[in-house]
Every structure is written in structure tokens, then in C-alpha cells.
Amino acid sequence: DIQMTQSPSSLSASVGDRVTITCRASQAVSNYLAWYQQKPGKVPKLLIYAASTLQSGVPSRFSGSRSGTDFTLTISSLQPEDVATYYCQKYNSAPLTFGGGTEVEIK
Amino acid sequence: EVQLLESGGGLVQPGGSLRLSCVASGFSFTTYAMSWVRQAPGKGLEWVSAVTGNDDTTYYADSVKGRFTISRDNSQNTLYLQMNSLRAEDTAVYFCAKMRGLNLAAINYWGQGTLVTVSS
């Protein structure tokens, strides 16, 4: 099975900082990669699908990119409401594995 | 408005069974794949199972294969997860989830979740 390795597992950044989270697939998944945001005590929310397509209603400070089997979620200017855990998920084939998550906090 | 309402969670002894239900509304249920995702207390997300929206093809995580069965009743807009031979490590909040397309896809809607606790 394809493994999804997210890094870092946690980060602390200041409001306005550019934040980057990486997800590496152990094998090719093409563009079948989604990013989710889960705020404390809430259900996950889809941010990006197809590696770089922004879900409707998601602020434009969120973006996704792909380079081979490496995927990146970028928050261009971190806001207080972005405190959450972020997960990647591959969905090219089963199992639809999630990454381990990246916890983002404000410094 | 898309709504997914799970039920059926609770406390069960190891080796026992539970059936989770998820009633969907606000979209054409038959034309979307559906999934179950779980989250153990304080842990990350774990995909459990999915069923397509066209030919009802089913998929399972290795951790539940042979013990859990996903199914859907399109006439009732309801998704099910039959869980047998439950283990302590199955303890989690189980989310019902709608995928973006007929086949495997990203998840664009989530239910609020139902807690399953496996303990003696």
C-alpha cells in the first residue's frame, strides 16, 4: 500500500507568516491528493482537491502544489482562524490513506 | 444543504457487533460514492471503507477487512457500516462522508460523527 508521510508533525508560526506543509507519497498517486483542515472539536473540511484545486469557499491564502510524489499545502499569510490540524489524503485507489497530520499553532 | 446524520454508536464489548447508519439529504444520494472515516481519541484520521455510487463496488482498509461491511440503501438515502468482531482498537468517532464523485474521490461533506467505544 502507498504510504503518505506528512511533515512537519507540528509547527508554530506568527500571524502573517507563510506556512508550508509537505505530504510525500511512497508511490505515484498522480494528482489524486486532497488536503483537509480540522479545527479543534470540529469535523474535517475539504480545502484542496486534485492537488491544487481550491474547494469553493476556501480563502485564497490556501494553495496546493505537486512535484512528482511530493505535495505541498501553503498558507500564504497565516491567520488566527487557521489554527488547526491539516491532513493530506490520497484517493487514486484504495486504501484512501491519510497522512499523519500537521498541527499548526500561532506563535 | 447537504446533511449527513449518523447513528448507531455506543458501548460494545470486545468481540461484539454494531451497525452504524447515516441518513443523507440535500443531494442525489445515488450518484455519489460514500465513505466511512474514523478518528480514535486524540489521534488522526483513518479511512475505513467506501462504496461507489454506480455499481456499489466496495473498498476496505486492511485493518477492518473481513470484519466490517459497508452497504447503501439508495431507496432510503442511507449508508451503513456493519461492524463485527470489534476490538479495543476500533474505538473511535466514526464519520459518514460524501465524496465528490461517483467513484473514489475527495470527501467534500462530513457528518458530525458517532462514537463507538469497545470495552469490557
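Order of the sequence lines fixes the chain letters, A, B, ..., with proteins taken first and strands second; residue numbering starts at 1 for each chain. As the structure is a computational prediction, the values presented were derived from the model and not from experiment.
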So do [Y] and [X] actually touch side chain to side chain, heavy atoms under 4.5 Å?
| X | Y | answer |
| --- | --- | --- |
| B:Trp47 | A:Pro95 | yes |
| B:Gln112 | A:Lys42 | no |
| A:Leu96 | B:Tyr59 | no |

Neighbour count >12 (heavy atoms, 6.0 Å) for atom CZ, B:Arg67: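 Correct, the count exceeds 12.
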
Crowding at CD, A:Glu103 (>12 non-hydrogen neighbours, <6.0 Å):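 No, because the 6.0 Å sphere around CD of A:Glu103 holds 12 heavy atoms or fewer from other groups.
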
Can you tell me how far the [atom1] atom of [X] sits from the [atom2] atom of [Y], to the nearest 0.5 Å?
| X | Y | atom1 | atom2 | result |
| --- | --- | --- | --- | --- |
| B:Trp110 | A:Gln38 | CH2 | CD | 7.5 Å |
| B:Leu45 | A:Phe98 | CG | CZ | 5.0 Å |
| B:Arg100 | A:Leu46 | CZ | CG | 7.5 Å |

Taking every non-hydrogen atom, the tightest pair across A:Tyr87 and B:Lys43: OH-O, 4.0 Å

Under 4.5 Å heavy-atom distance to chain B, tell me which part of [X] shows up: side chain, backbone, both or neither.
| X | value |
| --- | --- |
| A:Ala94 | both |
| A:Ser56 | neither |
| A:Tyr32 | neither |

Is there a path from [X] to [Y] through hydrophobic residues (I, L, V, M, F, W, Y) whose side chains come within less than 4.5 Å of each other?
| X | Y | answer |
| --- | --- | --- |
| B:Tyr80 | B:Val12 | no |
| A:Leu11 | A:Ile106 | yes |
| A:Tyr49 | A:Val29 | no |
| A:Leu54 | B:Met99 | no |
| B:Val2 | B:Met34 | yes |

Chain A contact via B:Gln39 - which portion, at a heavy-atom distance below 4.5 Å: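 Side chain only.
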
B:Asn103, part contacting chain A, at a heavy-atom distance under 4.5 Å: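 For B:Asn103, there is no contact with chain A at all, as no heavy atom is under 4.5 Å.
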
Options B:Ala106, B:Ala50, B:Gly44, B:Gly113, ranked by heavy-atom pairs under 4.5 Å with chain A, top entry: B:Ala106

When B:Asp62, B:Val93, B:Asn108, B:Ile107 are compared by non-hydrogen pairs under 4.5 Å with chain A, the top option: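 The answer is B:Ile107.
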
Residue among A:Gly100, A:Pro44, A:Gly101 with most heavy-atom pairs under 4.5 Å to chain B: A:Pro44

Qualifying residues under side chain to side chain contact (heavy atoms under 4.5 Å, CB included), relative to B:Phe68, sequence neighbours excluded: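 Per chain and number, B:Phe68 pairs via side chain to side chain contact (heavy atoms under 4.5 Å, CB included) with B:Arg38, B:Val48, B:Val64, B:Leu81, B:Met83, B:Leu86, B:Asp90, B:Tyr94.
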
